[in-house]
Amino acid sequence: MTAICSWRRLKDGHPRKKHSDRCEAVCTWIALPFCFPAPENYMGPVKTAISPTRAENYPEWYQQVIKGADLAENSAVRGCMVIKPWGYAIWENMQKVLDQMFKDTGHQNAYFPLFIPMSFLEKEAEHVEGFAKECAVVTHHRLEPDGKGGLRPAGELEEPLIVRPTSETIIGATYAKWVQSYRDLPILINQWANVVRWEMRTRLFLRTAEFLWQEGHTVHATAEEALEETRKMLEVYADFVENYMAVPVIKGEKTAGERFPGADMTLSIEAMMQDRKALQAGTSHFLGQNFSKAQEIKFQDKNGDIVHAWTTSWGVSTRLVGALIMTHSDDDGLVLPPKLAPSQVVIIPIYRDDTQREEVISYCKSLKQELASQIYADQKVRVDIDDRDMQGGNKKWYHVKRGVPIRIEVGPKDIAANGAFVTRRDLGQSKSMLRTDLVSGVVGMLTEMQDNLFNRALAMQKANTVEIHSEAEFRAYFVPDDDRECSTGGGFAKCWFSSEEAVQPLLDELKVTIRCIPLDSPKGEGKCFMTGQPTTTMGIFAKSY
RNA sequence: CGGGGUGUAGCGCAGUCUGGCUAGCGCAUCUGGUUUGGGACCAGAGGGUCGUAGGUUCGAAUCCUAUCACCCCGACCA
């Protein structure tokens with residue numbers, strides 16, 4: 001396999017000569033066991049739209065894809081990002097689908113306050129400990145002149161307010177008032193909101209101080225019912241992530257050490273990114289009676305007894321956008337799964353003068369209309385014409401970098417042949433098509449692309465998942481590929497293990513975590529890869545985001 | 001909070017060690033022209049109180065002090 005060098009394209013005579021040295025260095029990294037091989041017909045260094053490439057520096061590539069696709073940027077506020085229109089449109093599409101899924105499973109939307117009285121958070125001990133260190137705190141409610149031309153906070157609050165890092169406590173306190181009788185249950189509510197977690201280190205979409213998400217909070221009369229809800233919502237997430245985002249996931253249960261603070265059981269879906277690191281894509285928590293006891297969510301059951309309720313919570317965030325980027329994108333930028341692409345087809349008119357323009361534009365408009373009347377995933381195909389005054393090549397790469405699934409170029413020659421020049425983003429090869437074939441085939445193309453993205457990602461995940469039976473094997477598996485900072489090693493390791501305590505020191509050393517105990521792990525017994533003891537627990541181990 | 005680094009045009013950087021002409025370069029932008037099935041070329045133009053505040057000096061982007069911001073590593077992180 002060959003990594004493609006993107007540095008060679010620097011012009012001769014460029015003042016920064018060191019780039020040519022760097023180029024040589026880059027070109028020697030040609031035997032990386034990476035999952036994105038050069039094309040079959042590799043002819044030597046080519047120009048990629050994104051620099052560096054995945055193989056050269058994955059974390060930097062990720063940032064550049066976001067920049068190239070104009071999804072988001074850092075803001076003036078430390079750790080907080082600005083989500084730009086193209087990025088936000090992707091999130092909106094995710095919201096639309098998820099929101100319908102929640103409603104189809106009996107949930108309603110509501111909204112709770114951004115601020116939480118500090119005393120609320122204190123009620124559940126584990127919960128406090130889990131979130132205290134990353135809470136933003138409001139202590140004043142007013143500003144006044146400081147006499148030096150600036151402002152200073154005034155009006156200290158009697159009780160500080162926490163900016164919600166998650167809403168279990170404020171929602172629980174509200175539910176306590178709503179629940180009197182078993183007839184009031186279940187409560188099935190979701191909220192779309194922003195939350196703040198004051199993280200020390202942030203990355204666009206993956207970890208930001210403020211992020212957008214949805215959080216479902218439900219109350220049930222019995223543990224069984226709450227458990228069923230917890231599992232059901234994990235299935236909803238898995239369904240969405242696999243069938244809309246085209247990202248294959250592993251459904252599993254978190255170990256005690258990785259659980260949500262205050263939960264009795266945490267389920268998650270884990271996805272593998274192209275650098276083989278794991279990303280938690282969604283979680284669903286069975287909170288037992290921990291929060292109902294802390295917040296007195298009680299009701300009178302059919303026997304007339306006063307009992308505590310059982311609660312759940314579940315959420316996914318804008319982090320999903322990060323997962324989307326890192327799963328499908330390539331060295332030319334973003335690749336969007338058709339079902340979530342804000343624009344599924346873009347038509348680029350090509351003409352030289354005003355006479356041609358009129359002809360080309362009118363052809364494009366009618367083509368757009370025909371394409372947009374096709375139905376894909378229960379909706380009209382989303383088609384845009386890009387008639388901006390911009391050079392053809394630049395315009396083409398603009399849409400490549402933004403990941404538009406199908407690009408259609410129409411010039412006088414195509415019109416003469418009653419056709420168009422068509423490129424699918426994931427394949428990159430263009431072909432001339434007859435207009436009638438294009439219109440009748442566009443839904444098929446989108447469907448195939450959606451499937452191809454999923455299958456490609458699944459193949460990658462499978463190719464980088466191994467079973468490991470000994471410490472030595474485990475160590476060898478997670479050795480980085482080379483000595484670069486950004487280098488990772490390994491992938492997913494399936495291992496039998498006896499307990500978290502037994503493996504923790506090794507995991508800390510290698511910076512590996514237990515992602516989950518897969519729900520479909522084999523029944524039976526194996527030998528712990530560390531201690532050799534018999535055990536019934538098999539986990540997925542990986543480096544993670 | 002510990003260690004390291006960086007702040008110079010919209011973006012990316014050089015210049016700082018060794019103080020000295022009008023502070024440069026690439027990309028981007030604007031204008032004119034030539035191009036036109038592909039990420040164009042030629043000519044020209046605009047854009048900077050060199051992070052901030054003091055200090056040393058005839059003279060500071062450059063040296064000194066303080067301060068702020070950001071980045072990386074660690075710690076931390078459903």
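The analysis underlying the following values was restricted to heavy atoms, covering all of them including side chains, and did not include hydrogens, waters or symmetry mates. Chain letters run A, B, ... following the sequence lines, proteins first, then strands; residues in each count from 1. Predicted model, so just to flag it, every value in this text is computed and none were measured.
Using C1' as the reference atom, B/C41 and B/U35 are 7 Å apart when rounded to the nearest Å. The separation of B/U57 from B/G19, taken at their C1' atoms, amounts to 9 Å, rounded to a whole angstrom. Rounded to a whole angstrom, the distance from the P atom of B/C1 to that of B/G10 is 32 Å. Using C1' as the reference atom, B/G32 and B/C72 are 46 Å apart when rounded to the nearest Å. Going from the P atom of B/G55 to that of B/G15 covers 29 Å, rounded to whole Å. Going from the C1' atom of B/U29 to that of B/G47 covers 9 Å, rounded to whole Å. Nucleotides B/G12 and B/G74, compared at atom C1', are 29 Å apart to the nearest Å. Distance noted for atom P between B/C13 and B/U22: 29 Å (whole Å).
A close approach under 4.0 Å does occur between a side-chain nitrogen or oxygen of A/K511 and OP1 or OP2 of B/G74. Contact annotation: A/R352 does not reach the phosphate of B/U35 (side-chain N/O to OP1 or OP2, under 4.0 Å). Of the side-chain N and O atoms in A/K133, one or more sit less than 4.0 angstrom from OP1 or OP2 of B/C77.
Formation of a donor-acceptor pair under 3.5 Å by the A/Y545 side chain with backbone atoms of A/A323 is not found in this model. Using a distance-only test at 3.5 Å, with no hydrogens or angles considered, a donor-acceptor pair links the side chain of A/T48 to the main chain of A/I50. With A/E199 contributing its side chain and A/R207 its backbone, the two residues share no donor-acceptor pair below 3.5 Å.
Across all strands, A/K395 comes closer than 4.0 Å to no nucleic acid atom at all (heavy-atom distances). Using a 4.0 Å heavy-atom distance criterion, A/Q391 is classed as a base contact. Using a 4.0 Å heavy-atom distance criterion, A/W213 is classed as a base contact. Residue A/G392 is out of contact with every strand shown, counting any heavy-atom pair closer than 4.0 Å. When heavy atoms are screened at a 4.0 angstrom cut-off, A/Y398 is found touching no nucleic acid atom at all. Among the atoms of the strands shown, base atoms are found under 4.0 Å from some heavy atom of A/E409.
Whole-Å rounding puts the A/I50 CD1 to B/G39 P distance at 18 Å. In this structure, A/M390 places its CE atom 10 Å from P of B/A40, rounding to the nearest Å. Separating the CD atom of A/E509 from the P atom of B/A75 is a distance of 13 Å, rounded to the nearest angstrom. Protein atom CD1 of A/I408 is 19 Å distant from nucleotide atom P of B/G38, rounded to whole Å. Between the CG atom of A/N57 and the C1' atom of B/C72 there is a distance of 12 Å, rounded to whole Å. Whole-Å rounding puts the A/D389 CG to B/U29 C1' distance at 14 Å. Taking atom CD1 of A/I350 as the reference point, atom C1' of B/A40 lies 15 Å away to the nearest angstrom. Between A/D508 atom CG and B/C76 atom P there is a gap of 9 Å when expressed in whole angstrom units.
Counting non-hydrogen atoms of other residues, nucleotides and ligands closer than 6.0 Å to NZ of A/K494 gives a total of 12 or fewer.
Taking the nucleotide of RNA chain B with the nearest heavy atom to each of A/E134 and A/K67, the more 5' of the two is matched to A/K67. Ranked by how close their nearest RNA chain B nucleotide is to the 5' end, A/G79 and A/H285 are led by A/G79.
The pair A/R231-A/E253 fails the salt-bridge criterion, with no side-chain N (NZ, NE, NH1 or NH2) lying under 4.0 Å from an Asp/Glu carboxylate O. We find that A/D414 and A/R435 are not joined by a salt bridge, their nearest charged nitrogen and carboxylate oxygen being 4.0 Å or further apart. Salt-bridge check for A/D387 with A/R357: passed, with a basic side-chain N closer than 4.0 Å to an acidic carboxylate O.
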Side-chain donor-acceptor pairs of residues 69-76 of chain A under 3.5 Å, sequence neighbours excluded:
from: A/D70; atom 1: OD1; to: A/K84; atom 2: NZ; distance (Å): 2.7
from: A/E73; atom 1: OE1; to: A/K84; atom 2: NZ; distance (Å): 3.3
from: A/S75; atom 1: OG; to: A/V77; atom 2: N; distance (Å): 3.0
from: A/S75; atom 1: OG; to: A/V77; atom 2: O; distance (Å): 3.0
from: A/S75; atom 1: OG; to: A/C80; atom 2: O; distance (Å): 2.6

Exercise. Under the side-chain hydrogen bond (donor to acceptor under 3.5 Å, both in side chains) rule, what do A/T230 and A/S284 come out as? Steps first, then yes or no, please.
Key: CA-CA 6 Å; A/T230 308; A/S284 184; 4.8 Å; no
Exercise. Applying side-chain hydrogen bond (donor to acceptor under 3.5 Å, both in side chains), run through A/H285 and A/T266 and close with a yes or a no.
Key: CA-CA 4 Å; A/H285 314 289; A/T266 288; 2.9 Å; yes
Quiz item: Passes side chain to side chain contact (heavy atoms under 4.5 Å, CB included), A/T208 versus A/R319? Steps please.
Solution: CA-CA 9 Å; A/T208 46; A/R319 179 180 244 205; over 6 Å; no
Enumerate all atom pairs, one protein N or O and one N or O from nucleotides 1-8 of chain B, separated by less than 3.5 Å.
none

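Taking the ring centroids of A/H127 and A/F291, they lie under the 6.0 Å cut-off.
Both key distances under 3.5 Å define a Watson-Crick or G-U pair, and stretches of 3 or more such consecutive pairs in RNA chain B run B:1-7 with B:68-74, B:10-13 with B:24-27, B:29-34 with B:40-45, B:51-55 with B:63-67.
Closest to the side chain of A/A49, from the set B/G39, B/G37, B/C77, is B/G39.
For B/G37, the base has a donor-acceptor partner in the side chain of A/D414 [N/O atoms by modelled type, under 3.5 angstrom].
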